[in-house]
Amino acid sequence: MPAPANLSHGRAYLAIPGPSVVPDRIQRAMHRTAPNIYEGELHALTGSLWPDLRALACTEQNVACYIGNGHALWEAVNTNLFSRGDKVLVLASGVFGLGWANVAKAMGVDVEVMDFGRSAAPDMGRVEARLRADGAGEIVAVLTTHVDTATSARTDIAALRAALDRAGHPALLAVDCIASLGCDEFRMDAWGVDVAFAASQKGLMLPPGVGFVWFSEKARAVGRKAGLRTPYWDWAPRADGPEFWQYWHGTAPTHHLYGLREALSMIVHEEGLANVWARHEVLARTVWAAFDAWGQGHGRIALNIADPASRARAVTSARLGAPDGQALRQWCETRAGVTLGIGLGMATPEDPESAGFLRVAHMGHVNAHMTLGVLAVMEAGMQALGIPHGKGALEAATAVVAQAAGA
Ligand SMILES: *Cc1c(COP(=O)(O)O)cnc(C)c1O
């Protein structure tokens, strides 16, 4: 018998932090001809989405939807909140925080970036000190990522709220939840968040193309003065309707809505949000356990975020050293049918392509066998490629799953 050319044939697994795996039942729900957009089923279905979208963000406030990806949402939020020259404070811990800052700058907003580097979450002591120094209250809003998908750093949003409150600062709190909603615990109202947003292709398990912005009454009031607002991006008619076309400012993303109905049923009504968070937590810890073992005695291999409290539950960024990160990714894809995320924004003079990093997603429609499968494939790849690594990673990973799942 000849040796197989590779072992990738079978069901492929895209283990990258978006787009994430689209469940079969969501695909089936979207597989239909064009529905009537004037009346009937689509209107009833759309009406059922709003309460579940609120439940997803743990809010009773406003939600506006957009046809667009995550980059569109940065612009949507900036447009609805700011005027040219307004001052905002951006807390960045990776390329996504910096990306939002750059979009705001390009729109004429006066952006101050507090950059916490590429391997740490924002330090609330420093943030509080900065807010206290703004006695005149010039800062209109604090913008941050809940999870920066590039570094997998997670901002403690409740602690950020507490820092704003201790400083007595009235700034709005706006949070990019694109990589975290439906994965990491997030409570918009309890944490005093004014604006949060998410895109369809991450925790929501849909194809890319639809985005959601939740906003508080305070944000609505502050935003009434926003000089950057334009008719297309205006969130008020999108949130309030009442005409069906107003929710989308034009034709609805018809097929996405059928998929979204299914996704929200799965998350909010069937598994339940708390269980969804708990599943992501366990799968994240499974991945961390494997990396900790691989790094034992092999310091080249390490999780990017050392402090577990500051790690995302939806994606893990890790260092293997160049060129091993890239080589292992390629091996996993071509030999074993699993695609890992590229290193993003981790370039150094010695590693201009971020080839020493990779990311393992555990985001959305993912379960224990998928995550354990990815880790076992990575271990096989390290063996095949001769990448030195510590032993016992799979034992450590399976122990996390065994303990969490119980008897
Ligand atoms: C994915 C992501 C974005 C960008 O979304 P696109 O759909 O690629 O435009 C922005 N912010 C965060 C935190 C993300 O994870």
Side-chain angles (χ1 to χ4, degrees), residues 14-22 56-57 65-79 90-107 111 113 115-116 118 121-122 142-157 160 173-186 188 193 195-214 233 253 256 259-260 263 280 284 304-305 310-317 339-346 354 357-364 366:
L14 187 67
I16 72 172
S20 64
V21 172
V22 180
L56 184 68
C65 299
Y66 293 87
I67 292 179
N69 60 16
H71 284 70
L73 299 178
W74 286 337
E75 207 152 318
V77 169
N78 296 341
T79 302
V90 176
L91 316 181
S93 46
V95 298
F96 288 95
L98 297 171
W100 188 5
N102 286 336
V103 170
K105 257 182 233 163
M107 294 170 79
V111 177
V113 177
D115 191 342
F116 295 90
R118 299 186 287 194
V142 177
L143 317 184
T144 192
T145 49
H146 186 205
V147 162
D148 194 294
T149 325
T151 57
S152 67
R154 184 177 74 164
T155 305
D156 185 339
I157 302 298
L160 177 52
L173 173 54
V175 186
D176 175 345
C177 294
I178 294 175
S180 57
L181 210 78
C183 307
D184 267 273
E185 180 176 358
F186 179 79
M188 175 163 166
V193 173
V195 178
F197 51 95
S200 54
Q201 79 274 22
K202 306 214 178 175
L204 278 165
M205 312 177 288
L206 295 166
V210 179
F212 312 93
V213 179
W214 292 262
W233 296 107
H256 274 77
L260 178 60
H280 283 84
N304 184 46
I305 305 296
S310 299
R311 291 180 192 155
R313 272 52 176 174
V315 57
T316 296
S317 175
T339 305
L340 302 173
I342 58 170
L344 196 58
M346 305 303 284
S354 307
F357 285 82
L358 56 71
R359 290 173 299 158
V360 181
H362 25 94
M363 172 186 277
V366 180

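As the structure lists them, so they are numbered: ligands from 1, and atoms in each ligand from 1.
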**OP:** Can you see which heavy atom on Ser93 is nearest to which on Pro122, and at what distance?
**Re:**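 Where Ser93 meets Pro122 most closely, the heavy atoms are OG-CD, 3.9 Å.
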**OP:** For residues Ser354 and Gly345, report the shortest heavy-atom separation together with the two atoms involved.
**Re:**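 Of all heavy-atom pairs spanning Ser354 and Gly345, the closest is OG-N, 3.9 Å.
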Original post:
If we ignore angles and hydrogens, is there a donor and acceptor under 3.5 Å between the side chains of Thr316 and His362?
Top reply: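 The criterion, which ignores hydrogens and geometry beyond distance, is satisfied for His362 and Thr316.
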**OP:** Using distance alone, with no hydrogens and no angle criterion, decide if Asp176 and Trp74 have a side-chain donor and acceptor under 3.5 Å apart.
**Re:**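 A pair is found: one side chain offers a donor N or O, the other an acceptor, under 3.5 Å apart.
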Original post:
Can you list, by chain and residue number, every protein residue with a non-hydrogen atom closer than 4.0 Å to ligand 1?
Top reply: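 Ligand 1 pocket, heavy atoms under 4.0 Å: Asn69, Gly70, His71, Trp74, Phe96, Val147, Thr149, Asp176, Ile178, Ala179, Gln201, Lys202.
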**OP:** Give me the one residue out of Phe212, Trp100, Trp214 that meets ring-ring contact (aromatic ring centres under 6.0 Å, His included) with Phe197.
**Re:**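 Single pass found, and it is Trp100.
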**OP:** Can you spot which of Ile342, Leu340, Ile16, Leu344 makes a side chain to side chain contact (heavy atoms under 4.5 Å, CB included) with Leu358?
**Re:**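 Of all the options given, the one that passes is Leu340.
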